[in-house]
Structure formats: structure tokens, C-alpha cells
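Right, one structure below, let's go through it.
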Number of protein chains: 2
Amino acid sequence: MDSQRADQMFDVPLPEAPTDASSDTYETRRDHILRSATLVFAQHGYEKASMRAIAKAADMSLAGLYHYFDRKEQLLFVMQFRVFSSLLASLQERLVGVEEPRDRLCTMIRAHITYFAEHMAELKVCSHELDSLEGETYEQAREIRLAYYTLTREIIAMIIKENPPEYPLDIHVATMSLFGTLNWLYRWWNPTGPTSPKAIATQITNQFLAGICAPAASHAH
Amino acid sequence: MDSQRADQMFDVPLPEAPTDASSDTYETRRDHILRSATLVFAQHGYEKASMRAIAKAADMSLAGLYHYFDRKEQLLFVMQFRVFSSLLASLQERLVGVEEPRDRLCTMIRAHITYFAEHMAELKVCSHELDSLEGETYEQAREIRLAYYTLTREIIAMIIKENPPEYPLDIHVATMSLFGTLNWLYRWWNPTGPTSPKAIATQITNQFLAGICAPAASHAH
DNA sequence: GTTTATATCGAACGAACGTTCGAACGGGAT
DNA sequence: ATCCCGTTCGAACGTTCGTTCGATATAAAC
């Protein structure tokens, strides 16, 4: 399931798949629009972002925008699908050859934060507008998010299996704790600010690893 | 700075502060509307929630709703201000007499999660609609959130001072990691589901404490 | 009984929204 | 020269939005 298939699934009402020479400029134009829309979504939120504002950001007319995307929802869906797909693909790629579970977690966190640093607006929208899609498009976005979750959960499960903590630890809760920390980043962290992506990734990894492998720090009664 | 003052600050355009006997039913009615609005905000998001839907949820007419709240924004502001105020007040109250820093953190996390479990819709809206206010109302909500953040940060700073970890640890990053975990709860956790509030609080506390006090779990390179 | 203030509501206003329509433009093929 | 087709856009459609207005009902105050 790649982004190509998802786009076409959504593009059924379009006349035909653009071919050869024209395809180049067509896809380029789509990418440009998508990037503009993402910036507007990130700044004002999906609901408040108007198609007119998106058209203006993409430097084209309102009706011209509709030539490339049938509905506003399609802009959000295609964007989310591409981001989640490339996030997942990039992670799987980086995990190749990394066997040690703790190294795999380190890789996952670093990959996620690196991606975030390079696509701030995209990840902000993906974190904040999870429920803005409905019906079929929501389910499709959900599926690929689930794959990302499952992959991360399995890494965490392996770490715990090799190094069980001394207090009862629910793996789902642990996984969602990590995602909470990561997905909240868009609220406060500026990758170009004083705290570098590498520093953030290192500290979050250290904290999380120590948190789920703790020898006997149990304190809650 | 209590919620009463905030309401009145916002109520300036209203004829007069309601007095004595009538005040009872007036404030009761306001509370009822606020609770209805919160549910609609939580279900559809602030932007998509219409005043007509809120009026229907409160079982009154659209124009009747405007008798109690001048603008839609006021509904969100008063709600957020009350929630943040009572969250902060409840935390300060519970911290009285708790001296040991680790006990204070444990108290903070338990208080936050307990409050969440009892006011799910409220905390969902407060977590998700942080940027939906603008101008003066945004600044006021921000101020009280800052007080909550500062209180938590000081607890964490004290723990770290007493038990410094062996890797460099930025206190702001650590604090925001915890808030990320807590504020993300509304996305996936159901307090009435299989994982009890107490169990969640215990695990998050254990993980976080172990994470910031780790002896030598450093792993990121 | 009249006045005054609060509470409630149906109806409407003006603006903004997502979306559609029909016409124009431009270049490659016939 | 003609046709075709992808592209672009101004203008509009119908709907929904937040908000306001004017009228009515109620009940306490004089």
C-alpha cells in the first residue's frame, strides 16, 4: 500500500491518469498545492482554513484549485497518507540491519524526530487533525497509523522481554506514553531553536529507555 | 486570580452582575450551558461546533443562548479558564504537606489523571483547542497554564537536584515530555475502560521517575 | 395597575464557506 | 484552419455560520 495507490483510489472521478509528458507538470503542480495547503492547515487548523486561502497560498484561483483536488477533504487525506507512508517507509528502511532492540528504539525515535524537524508543518497537521477525516478516508489513514504503532510497540515489547522492569508495565500504555511525548512536540519544540533535534532525540530516548527498564525505582503506591 | 473574576472580566458588557436570588438560577443556567457547550466542542471540535448545535444541546433557543454568552469565543474561554483554575487549585491543595519531591510528583500525576477521568470532555477540549482562542483571551488562558507548568517544572527540578541522572537532562524537555504523555491521553485512553485511572497514574509515574533518575541507562549515542 | 427588568424566542441579516458552471485560453494533432 | 483537450478563472449558487433585532412572557417593585 503506497501513496500512489491511495491517490488513485481517490482520483477515480478524474478523467484519466495523467500520462507521460503532461504528468510531470501535473504532479509537480499537485505537490505545490499540497505543500501550500499544508502550511495553511498548520497555521489556522483544518476547519478554519478556507479553500480560498489555500488557493491564494498556492498562487492560483479558487476554481483552478478544484481542477487538482475535488474536495477540501482530499487535500488533508492525500497529505496525511503521504506523510504517514513516508514516515513508515523511512523507519523500516533505517531499521534494516539493526537487531538489538534498544538500538531499534533509538533508531525509531531519532527517525521520527528527524522527520519532524524537516517537515514541521506536515507533522503538526498529522498530529492535530487526526479526527478531521471521516468515513473511508479516516479508516485508510487509521490503517497506516496502526502499522506505525504496531512496529513501535513490537520494538518496545522486545526491550521489555529482554529486560523486564520490576513493576507491572502495560506495553500499550508504555507505547502511547512515547507517542504522547513525540506527538506533543509540535506544541512547544522548535527544531531550529536552542535545542537541537539530536539533543531532543537523545534525551527522549534516554528517558524512555530508563523508564521502561528501571531496576527498582518504583515509587507510586 | 479565580474563575469568578475571569467571568466578570468577560461579563463587562452584560447589564449588571446578577444579584442575590436571581443569581442562583442565572449561574446555574450558565453552568448548564457551559457543560453542554463542552460536550459539543469535545465531539466536533471548536470550529465545527455551531452555536445552533450548542443551543440544541442545552435545550434552548439560539437567541436564548446569546443572553448568557455574548460570543462563541466566550464559551471556550470561560470553560478553559475554569478548568485550568480548578486543576491548578486542586493540585495546590493536594500538595499541602507533601514535602518529598518524588511524592509531590506522584501527587501531581495522580491529581491530573483523576481530574481527567472525571472531566474527560473538558480536558479533551483544553488539550486540543489551546490555539483556538486569540488575543486577550488567549493570553489569559496562557497565563494560568504557565502557572501549572511552572509548578510541575519545579517539582521535577527538585527531584533531579536530589537525584541527578548520569546523562545530561534538560528540565524543560523533561517537563514537556511528561505533559505530552498526559495531554495525549485524551486521544486513546478511556477512564472507564480496562485500564483504571490508578493503574495509568502508577505506570506513568513509575516510567517518568525512572526515566529522569536513571543511574546509567544511557544508550543514545 | 402600571412600570421596570429579566428571560426567552422566531426571524432575519450579512458574511463566509465549499463547490459548481460556463467561458476563455493555448498548444498539439488532423 | 479546425478540432480537441488539459488548464485556468471570474462569477455565481446554495448553505451554513455567528450574531442581532424586535416582540412576547413573566414576575417583582412601586
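The sequence lines fix the lettering, A, B, ..., with proteins before strands; numbering per chain opens at 1.
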Notebook entry, point to check: Between A/H119 and A/Y115, how do the two ring planes meet: parallel, tilted or perpendicular, split at 30° and 60°?
Noted result: parallel

Rounded distance in Å - [atom1] ([X]) to [atom2] ([N]):
| X | N | atom1 | atom2 | value |
| --- | --- | --- | --- | --- |
| A/Y66 | C/dC17 | OH | P | 11 Å |
| B/R71 | C/dA15 | CZ | P | 19 Å |
| B/L75 | D/dT19 | CG | C1' | 13 Å |
| A/L62 | C/dG18 | CG | P | 9 Å |
| A/K56 | D/dG10 | NZ | P | 12 Å |
| B/I54 | D/dG18 | CD1 | P | 7 Å |
| B/Y26 | C/dT8 | OH | C1' | 14 Å |
| B/D70 | D/dT20 | CG | P | 8 Å |

Margin query: Does atom CZ (B/R187) have a neighbourhood of more than 12 heavy atoms from anything else shown, all under 6.0 Å?
Written below: yes

Next item on the list: Have a look at B/A49 and say if it touches a base, only the backbone sugar-phosphate, or nothing, with a 4.0 Å heavy-atom cut-off.
Entry: sugar-phosphate

Check: Distance under 6.0 Å and angle within 45° of the ring axis: does A/K72 meet both against A/F41?
Finding: no

Margin query: Please confirm whether the shortest side-chain N or O distance from B/R29 to OP1 or OP2 of C/dT8 is below 4.0 Å.
Written below: yes

Notebook entry, point to check: Are B/H67 and C/dA7 close enough that a side-chain N or O sits under 4.0 Å from OP1 or OP2?
Noted result: yes

Check: Can you find a heavy atom in the side chain of A/H172 that is under 4.5 Å from one in the side chain of A/Y149?
Finding: yes

Notebook entry, point to check: Counting side-chain heavy atoms from CB outward, which of D/dC9, D/dT7, C/dC9 is closest to A/Y68?
Noted result: D/dT7

Notebook entry, point to check: Is it true that B/F179 and A/W188 have ring centroids separated by less than 6.0 Å?
Noted result: no

Item checked: Which residue lies more 5' along DNA chain D, comparing B/K48 with A/L65 via nearest heavy atoms -> A/L65

Check: How do A/D59 and B/M51 order along DNA chain D: which one's closest nucleotide is nearer the 5' end?
Finding: A/D59

Margin query: Pick the closest DNA chain C nucleotide for B/M60 and for A/Y46 by heavy atoms, then say which residue is nearer the 5' end.
Written below: B/M60

Next item on the list: Look at the side chain of B/R52 and the base of D/dG18, then say whether one donor and one acceptor between them are separated by less than 3.5 Å.
Entry: yes

